[in-house]
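Everything below concerns the one structure shown next.
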Amino acid sequence: MSIDGTSGSDFERFRITFFEECNEILADLEVHLTQLQEGALDNEGLNAVFRAAHSIKAGAGAFGFTDLVNFTHSFEALLDKMRDGEIDQTPQVADLLVRGGDVLAELVSAAQENRNAGPDFGADVLEQVNDLLGNAPKPTDAPASADAQHGEISSGMGNWTIQLTPNVDLFKNATEPLLLIRELRELGALKVNCDRSQLPPLRKLDPELAYFSWAFELESECSRENIEEVFEFVDDTCEIAIERAVSSENDAKSDEAPPQGAEVQPEASLPAKSVAAKEVAPAGKKAKAAAASSIRVELGRIDRLVNTVGELVITQAMLAQELADLTSDVERQPIAGQEQLANLTRELQECVMAIRMQPVKSVFARMPRLVRDLSGKLGKKINLRMSGEHTEVDKTIIEELADPLTHMIRNSIDHGLETPDERVAAGKAEEGTIDLSAAHVGGNIVISISDDGAGINRERVLAIAIDKGIVQPDAHLTDQEIDELIFAPGFSTAEEVTDISGRGVGMDVVRRNIVSLGGRIQIQSQPGHGTRLNMLIPLTLAVLDGMIVAVGNQRYILPITSIVESFRPSPSQMRRLDDWTQVVQIRGEFIRIVRLCDLFNVENATHDPTQGLVVLTEVAGGGKIGITVDELIGQQQIVIKSLNDNFDPVPGISGATILGNGKVALILDIEQLAGMKGTVPLPQERGDAKEVDAPVAIVAAE
Amino acid sequence: MQANMLHTQDVNPAVKGSENAASEIVASPTSCQFISFRLGEDEYAIDIMAVREIKGWTDATPLPNQPPHVLGVLNLRGAIVPILDLRSRFGQGLTEATPMHVVIIANVAERTFGILVDAVSDILTVEPEEIKPVPDADRSEGEDYLSGIINADHGMVVVLGLQELFR
């Protein structure tokens, strides 16, 4: 545990935090810049963009990313001028800012990956920015614009009086006032007065607290912003007052200086500090205030918390069950407390889950950009409408959503939407529309992407599928089944590999991603009218709404979201197809039966579905299966545990959970079950007998 | 605990220990420790470092379509841990587990699993040279889980490589 080692890892941690912050800021920036491009950015928005650039600059400065600092500096200067109304929000400026945002993003990722973005990278944008700033002083002096705000024009020698009163906790932030003073001295001739009045008697002195404050007189032609920059990183731990003492009024100013020094006394009090600081750097302060309301926590810690609370929920359920089993009056006494415990546990669980929830906005925010870029490349006119960006979903899921969403939007634009000419010819508006929406439905989030394009070209899809051997040439598929072929592995409609789609990553990967999140994806297409993709994803990966079912003496969990209905089939609804396959007929549909008792070889289970129940479930890949169970025990929120941490994957099982009695119950994997064949042939006797007295509808159907 | 005490005892009289190494059962820095357990009449041992805990048998939840020696999974304080029947793994049929049977929870290659045995008997501390190689036999692929034989006071103890056993 060397000191070096520790500080090194601390540095690395700060670095990681910085880049995390940067990425959030950049996502936010993207949203605002898009608004700007649409001409809808108000002052508040402009301030937000400015703060974003400012935060990145501050961090970049601390870590010594000079490219990034230089660029953000000009970027920020431009924004500042816009705030002041010196530069109008013209489309050209908006476009420049958007490109600037790109450069910024690239520079950030370059810094993150420790590579050089190239000496000329972003130079053209920078040049244009500087051109715009043009008539104002040279780019390096651009910050002088801040002076304009105060009605001060930096010309000739000026005198500044600066009052610096640190918080007593200054040293705890590892700030050394001496360095600030040295930096100030580099700006010009500096006179320093140290106020030691707050210094306590020696026996009361705490060497870790900052007791001194300073009054500086600086003779320099620097701008206010130059001075502010010196204090940039301490403005939340110090009270800083910068006053201009113009040479001509030199005497007057120096007279005014003492009263300022008198401010030293009440300075320790917070209100005074924030008021003074706000006057100095309004933008910076605002950003700080917003940051103070949240903390940044490593995801792993929250995972542990979520797990522990999951355990607590189970333990509480166990206790409840055991208490309920006790009947004597004496033992009933603690039950009131038990109910309260149950309520608190549930509340705690909800709170902990809420910690991980974030709005999908961060993913949605990347989409306008994608659409804009692609519409330019493909010569299509697209109007992207988004709704429900504030819908919250688990952070881990948000991260996993970006790729599938990008891919689907790309597909909609590339394959779905027609060119303006085609659209006009088809009697539609020239501009195509893509709707992206998110909403909570039950325990799920539903994300929909719909376009008003040409819809799926079923003939072509089928032809390709047959060509690739995904479908037999003589197969008869319903429209829905054909549409779902686009999810088949190896399927791609792109005739040639463009740089937009057809990179070998197909919708099958998208579907796999969604399924691995415990979600499902559905497709609805109407030729000539467009395509809609619905993603149904659980709000969190850790908890699942499950139906506990009994098969023999075993308990299994079925995800509620995939259950359509359950029923006890009458013998006439059942039909054997061969030794392995049995179907049930419901409302004219024939659905394959998956006999859990045989498939999993469960003892004491009901083998005859007409004596038990069939649970009709939807398979994510499309289609339905009927799962035979003995009975439904009840619905419950369950905490998902991985089986694969300690064991190889078990076919048909996606995970496990712990029931109220402490026993493990397995969670069924519907998709895998749909593809599994029984280990033993169907029993002969009963099934056959029934077929005879029910010359079933399947014959008629064929 | 006892194993640790043996170990510390040894550190001080290092010279004396080496003189009497042959006659005394004393741990040296190079010595290894094993948990030994019984399976019927036979005694086996596994590396003590792989053992996380030892607990009594409770009913496991069966996993479908697994080899017979996979008895199912248990809830070990929130973790799902598979339980394997060693007797069945040796081809001697399933153990009829009772609450008197013992599950040794082991951690091998980042996986945690339990093995069902009849009883745990001892902690063995031996020098590496006391572990004799298993005589060559016509063992087929995947049967190289016998990693040595220790000649203990009360008889022979076969050392098992868990990783090889449940690969």
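Atom set for the values below is all heavy atoms of this structure, side chains included, hydrogens, waters and symmetry mates excluded. Order of the sequence lines sets the chain letters (A, B, ...), proteins ahead of strands, with each chain counted from 1.
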* **Engaged part of Asn107(B) at the chain A interface, taking heavy atoms whose separation is under 4.5 Å** => neither
* Closest non-hydrogen atom pair between Ala674(A) and Arg592(A), with its separation -> O-NH2, 2.7 Å
* To do: Check the side chains of Ser36(B) and Asp122(B) for a donor-acceptor pair under 3.5 angstrom, ignoring hydrogens and angles.
  => no
* **Contact leader toward chain A among Val70(B), Val81(B), Leu63(B), where contacts are heavy-atom pairs under 4.5 Å** => Leu63(B)
* Asked: Between the side chains of Arg38(B) and Ser121(B), does any donor sit under 3.5 Å from an acceptor?
  -> no
* For Glu618(A) and Ser562(A), test the side chains for any donor-to-acceptor distance below 3.5 angstrom and give the result as yes or no. => no
* Structure fact -> The interface call for Ser642(A) against chain B, heavy-atom contacts under 4.5 Å, is backbone
* With a 4.5 angstrom heavy-atom cut-off, could you sort out which part of Glu110(B) is near chain A: side chain, backbone, both or neither? => backbone
